[in-house]
There are 2 protein chains.
Amino acid sequence: MREVTTAQTPTRNRGSRRTEILDAAARLFAARGFHGVSIEDIGAAVGTSGPALYRHFSGKEALLAEMLLDVSERLHASAADRVTAASDAEQALDALLNGQIEFALGHPALITVHDRELGNVPEPARRQIRRLQRLYVEEWVTVLSELYPGCPPARLRAATHAVFGLLNSTPHSAGELPPEAMAPLMRAMARAALAEAGN
Amino acid sequence: MREVTTAQTPTRNRGSRRTEILDAAARLFAARGFHGVSIEDIGAAVGTSGPALYRHFSGKEALLAEMLLDVSERLHASAADRVTAASDAEQALDALLNGQIEFALGHPALITVHDRELGNVPEPARRQIRRLQRLYVEEWVTVLSELYPGCPPARLRAATHAVFGLLNSTPHSAGELPPEAMAPLMRAMARAALAEAGN
DNA sequence: CGGTGAGGTTAATGATGACTAACATCCTCG
DNA sequence: CGAGGATGTTAGTCATCATTAACCTCACCG
């Protein structure tokens, strides 16, 4: 029972436990759903048992809230960065697509939890997450509006959600194709779908 | 507390309670997840209280199993019918798309539960559902293979899953667009995405 | 040294929830 | 009428679970 965990220098350990827990919890939540996972399960997944988690998070819901807040922030910030760095709408859309694809393929559990478990986040954080999600969508809609001026925003918003559905499906159909083949395929399909939506 | 429920003739009631329960449960499961819904919740949703459900289903998991089995069967049967009725691969694909879109827009809760809760179905039924889902996908892949011969089936399978992701996202982005506008948009986007995947 | 704080541990505690039991209704069919 | 079945009801029972309490350990800083 030594639990030596490959001794790291204390300074390199900064917050490592928290993120380790968040990672494990994300995988479990993605697989069995928020209510299908117990605190004990999460503890076991990181080699401690149950109530140790309360040294790092104030509760199960708080853990979920932090997880989703972090994802929303990363997605939104990355999108904002990429869009302002792009020189035209074409490139901006490419950058948005790449960002979403990288994230979906790189963090399948987080993406899954992100679009299933918002309902279990308690109210203070819930609103904040929704806000970031909305901003993220608007980032896409703005770029698409520039690219397809005649197209009503409501239609572009629906198309954006549909493309998220397409891209976020990769976690579930994992294994069909290696990621090196999956990424370009998703990019091509998403682009084609958006072009069609824009008319 | 009379609960008169607009008296129906007994014969017209055949199995109505079961399906009423399944409908309510689907909505609840879609909104809060299998483990986030109690038997008591489901009972309340159909105007009875809790344990009355055991007169109709042997338990919560059995209820879910029946729900998912029914969906898989309907999807697969409808797909098989439509494909054999079609005169060529083009029309077959159209028919498959229309079927999936109708179902996703017509039964959003069922679609949501169908691709989230398989993991909570106990083993005898789980295998059966998986089998039907696989057959359903193969129905699509067969049609697509005919339409895009050079394209490796693994790629077509991945593309099919992606399109399901796109089409099944409609329940979540509900309200963006009226269904009369949503259906053609989804059809157009899915077609374009598949054409791109087929090269 | 000594104490303090971070991170764990194992036992409560208190809800909640699935499922069962025992007991009504009431409709139907003989 | 009267037995039977279908369908409910309420009150357990037994697990599971989130959360808290009370107690350890040990690295580090004075």
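Keep in mind that the numbers below use all heavy atoms, side chains included, and drop hydrogens, waters and symmetry copies. No experiment lies behind these values; they were computed from the predicted model shown. Order of the sequence lines fixes the chain letters, A, B, ..., with proteins taken first and strands second; residue numbering starts at 1 for each chain.
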Participant: Got a list of side-chain donor-acceptor pairs under 3.5 Å for residues 120-128 of chain B, not counting sequence neighbours?
Facilitator:
| unit_1 | atom_1 | unit_2 | atom_2 | d |
| --- | --- | --- | --- | --- |
| N120(B) | OD1 | H35(B) | NE2 | 3.0 |
| N120(B) | ND2 | E117(B) | OE1 | 2.8 |
| R126(B) | NH1 | V121(B) | O | 2.6 |

Participant: Of D41(A) and H56(B), whose closest DNA chain D nucleotide lies nearer the 5' terminus?
Facilitator: H56(B)
Participant: Just to verify, what does A158(A) make a side-chain contact (heavy atoms from CB on, under 4.5 Å) with, not counting sequence neighbours?
Facilitator: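 By the side-chain contact (heavy atoms from CB on, under 4.5 Å) rule, A158(A) matches E176(B), L177(B), M182(B), L185(B).
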Participant: Could you check how far CG of L53(B) sits from P of dG17(C), rounded to whole Å?
Facilitator: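 The distance from CG of L53(B) to P of dG17(C) comes to 14 Å, rounded to the nearest Å.
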Participant: By ring-ring contact (aromatic ring centres under 6.0 Å, His included), which residues pair with H76(A), not counting sequence neighbours?
Facilitator: none
Participant: Rounded to the nearest Å, what distance is computed from the CZ atom of residue R32(B) to the C1' atom of nucleotide dT16(C)?
Facilitator: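 Rounding to the nearest Å, CZ of R32(B) and C1' of dT16(C) are 14 Å apart.
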Participant: Separation of L64(A) atom CG from dA18(D) atom P, in whole Å?
Facilitator: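 Roughly 13 Å, once rounded to whole Å.
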Participant: Restricting to ring-ring contact (aromatic ring centres under 6.0 Å, His included), what partner residues turn up for F29(B), sequence neighbours left out?
Facilitator: F34(B)
Participant: Counting distance only, does the side-chain N/O of R155(B) pair as donor-acceptor with the main-chain N or O of A197(B) below 3.5 Å?
Facilitator: yes
Participant: Roughly, in whole Å, what's the span from CZ in F57(A) to C1' in dA18(D)?
Facilitator: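 Atom-to-atom, F57(A) to dA18(D), this comes out as 16 Å.
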Participant: Run the side-chain contact (heavy atoms from CB on, under 4.5 Å) test against R82(A) and tell me which residues pass, sequence neighbours left out.
Facilitator: S78(A), A95(A), N98(A), E102(A)
Participant: Each nucleotide in nucleotides 18-24 of chain C should get exactly one letter: B, S or -. Can you fill that in based on protein heavy atoms under 4.0 Å?
Facilitator: SBB-B--
